[in-house]
Amino acid sequence: MKKTNLVLLLFILCLTSLSYGQRRNINVVETQPDPIAHSPKLVVGIVVDQMRYDYLTRFWDQYGEGGFKRLVNQGFNCKNHHFNYAPTSTGPGHASVYTGTTPAVHGIIGNDWYDKEIGKDVYCAGDDSYASVGTTSDAGQMSPHRMLTTTITDELRLHTQKRGKVIGVAVKDRGAVLPAGHAANAAYWFEGGATGNWVTSSYYMDALPQWVKDFNNSDAVEAYKKPWNTLKPIETYAESGTDANAYEGKFKGENTSSFPHDLPQLWEANGQFGLLRSTPFGNSITADFALAALEGEDLGGDTITDFLAISFSSTDYVGHFFGVNSKEIEDTYIRLDQDLARVLSTLDEKVGEGEYTVFLTADHAAIDVPAYLKDSKIPAGYLDMGLIKEKFNEFLQYKYGTTDVLKDLSNYQLFLDHKILANLDIDLKEAQEDMAKELLGYEGISQVYTGHQMWENNYTKGIPYILQNGYNQKRSGDVLIVPNPGFISYSRTGSTHGSPQIYDTHVPLLLYGKGIKQGSTVNRTEIPDIAPTISALLGIAFPSGTTGRPIGEVLE
Ligand SMILES: [Zn+2]
C-alpha cells in the first residue's frame with residue numbers, strides 16, 4: 001500500500017468513527033430521560049391539620065391498605081420530621097410547607113397578628129380589597145398578599161408559562177389560599193352557615209366555574225347532615241381514652257360528649273353547615289370537592305405538571321374540641337384514611353398509577369389535654385394570660401408610670417410602643433430586658449427572649465433556634481415568652497398547639513409516587529425541606545425565600 005493510500009485510509013477511518021461517535025451521542029441524548037416529560041402529570045400536596053406523627057403508629061392497625069398504609073409501605077416515610085419555628089399554627093404551617101422557609105422570611109407570623117405599622121390585628125389570609133365570589137358574606141375576601149415569598153406552586157406556574165394548573169382546596173380559607181400561592185388558578189374554601197357552599201375570592205376570578213356551581217347545587221354536602229357515630233364498633237377503638245370524660249368539649253345542646261353526636265338535632269345551635277367542620281365529614285366533603293376539581297379542571301390530563309393542594313381541616317377542629325386522646329379523634333383518622341384511599345384510587349383511575357406524586361404532612365401537631373396529663377402525674381398545666389397581663393400591667397405602671405408602653409400581647413409576644421419609650425428616654429434594649437426578666441418570674445413561663453437577642457445572635461439549636469426561625473424583623477414583637485413544657489393558654493377541654501415544644505413540632509412527612517423511592521429515615525428533616533424536594537423532583541426553580549434543603553434520600 002502506498003503511503004498516500006494509507007493516509008487516506010486512516011483519514012476515512014477517522015471520519016467513520018467520528019460520525020459513528022456523533023450518531024452515538026445523538027442516540028445517548030435521545031434515550032436520556034427528558035426532565036420535563038418525566039415529571040409527574042400531577043403533584044398532590046396533602047396537609048392534615050393538627051396531625052401528630054404518632055397518629056400513624058397509634059392507629060396503624062385500624063387503617064386499611066389503600067390510605068396511610070399505601071403511602072407508608074410503597075412510599076417514603078420521614079419519621080423525624082419537624083417544624084423548625086414557632087408559632088406552630090395553621091397559617092404559618094401552610095405557608096412554610098409551600099414556601100420552603102419559615103415566618104422569619106415568608107412573613108406569616110401567626111394566624112392573626114398585631115400589625116405594628118397600622119396598629120391593628122390582621123388575619124394572615126384576609127384582604128378586603130377583594131370581593132367574595134360565590135357568597136354575599138365576607139367569607140371570600142381573601143388573598144395571599146401577606147405572604148412575602150413565592151411558593152412551590154408559584155414556581156410551577158412560572159416554569160410552565162402558566163400552562164400547569166394550580167388549585168387549592170380546604171375547609172379553612174388559609175389552608176387553601178396560602179398553599180395555592182400568588183399565581184394560582186384558584187383556591188376554594190368551605191362556607192358554613194345556612195348554605196354550606198364552596199366559595200372563593202375575586203383575587204382569582206369574577207364568577208365560580210360551572211363545575212363548582214354544579215357541586216354547590218348538588219346535595220353532596222347536605223348528605224353529611226346525619227348523626228355522627230363511630231365507623232367501626234366503638235369497643236374496637238382501643239387506641240383512645242374513654243368515650244365520655246371531663247377532658248372533652250360538648251356541642252351546644254349536648255349533655256354528654258359521648259357518641260353518637262346527633263348532628264341534625266344539633267344543627268341550628270352549632271352553626272348549621274359550619275357544624276360539619278368539627279366532624280370527620282368536613283374531611284369527606286373536602287375529598288369530594290377535591291375530586292370534583294380533578295375532574296372539572298382536568299388536572300393531570302396532559303404531560304404538563306399540574307398541582308392540587310388539599311388541606312384536611314376537620315382533624316384540627318376535632319382535636320381542639322375533643323382532644324388528641326379522644327374516641328372522636330380515632331374515628332376521625334379512621335375515616336380520613338378511607339377518604340385518602342378514595343382520593344388515591346381515583347388518581348389511579350384518572351391520572352394513572354405511577355403518573356402522579358403525592359406528599360402528605362401537617363401544618364402543626366398538638367399536645368394532649370393538659371388536664372388529662374396532670375391527672376396522669378405528668379408535668380402540665382394552664383397559663384392564665386388574663387392574670388399574667390394584669391400582673392404585668394401593675395409592673396409597667398410601677399416601672400414606667402404608664403401601661404401604654406405595651407401595645408399588644410399576642411402569640412406569646414409583647415409588642416411595645418417604641419415612640420412612648422423614646423419620649424420617656426428609655427432605651428429599647430433595656431426595656432425589653434427588664435420586661436423579660438419580670439415575666440420570667442411568673443408561674444408557667446419557662447423561658448424568655450428579647451427581640452434584641454433575635455437580632456444579635458445566630459441560634460443553631462434548641463428553643464431559641466426555633467423562636468428565631470419564627471422571628472420576622474419587620475413583623476414580630478419585642479419580648480418572646482415560652483410557656484413551661486406541657487403548659488398551654490386554653491380551655492380545660494380539648495387540645496391546642498402553637499408552642500416551640502416537640503409535641504407541637506413533630507409531624508408526618510410521607511412522599512409517594514413518581515420519582516419517589518420506597519423507604520424511610522429517622523434522620524431529622526424539617527418542614528422547609530418539602531418545597532425544595534418537590535422543586536428538585538420537578539426540575540424547577542426553588543421558591544424565592546427557600547431556606548430548606550432537598551431531602552436527597554427520597555428522590556429516585
Ligand atoms: Zn388548630
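Position 1 is the first residue of the sequence, and the numbers go up from there. The model shown is predicted, which means the values in this text are computed figures rather than measured ones. As the structure lists them, so they are numbered: ligands from 1, and atoms in each ligand from 1.
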- Query: Do Asn84 and His82 have side-chain atoms, one donor and one acceptor, less than 3.5 Å apart?
  - Reply: no
- Are His320 and Tyr490 near enough that their ring centres are under 6.0 Å apart? yes
- Task: Would you check if the Zn ion (ligand 1) lies under 2.8 Å from any N, O or S atom of Asp316?
- Result: yes
- Query: Which is the closest N/O/S atom of His497 when seen from the Zn ion (ligand 1)?
  - Reply: NE2
- Among Thr521, Leu511, Leu509, whose side chain to side chain contact (heavy atoms under 4.5 Å, CB included) with Val554 holds? Leu511
- Please check if the distance between the ring centroids of Tyr317 and Phe312 is under 6.0 Å. no
- Query: What N/O/S atom of His320 is the closest to the Zn ion (ligand 1)?
  - Reply: NE2
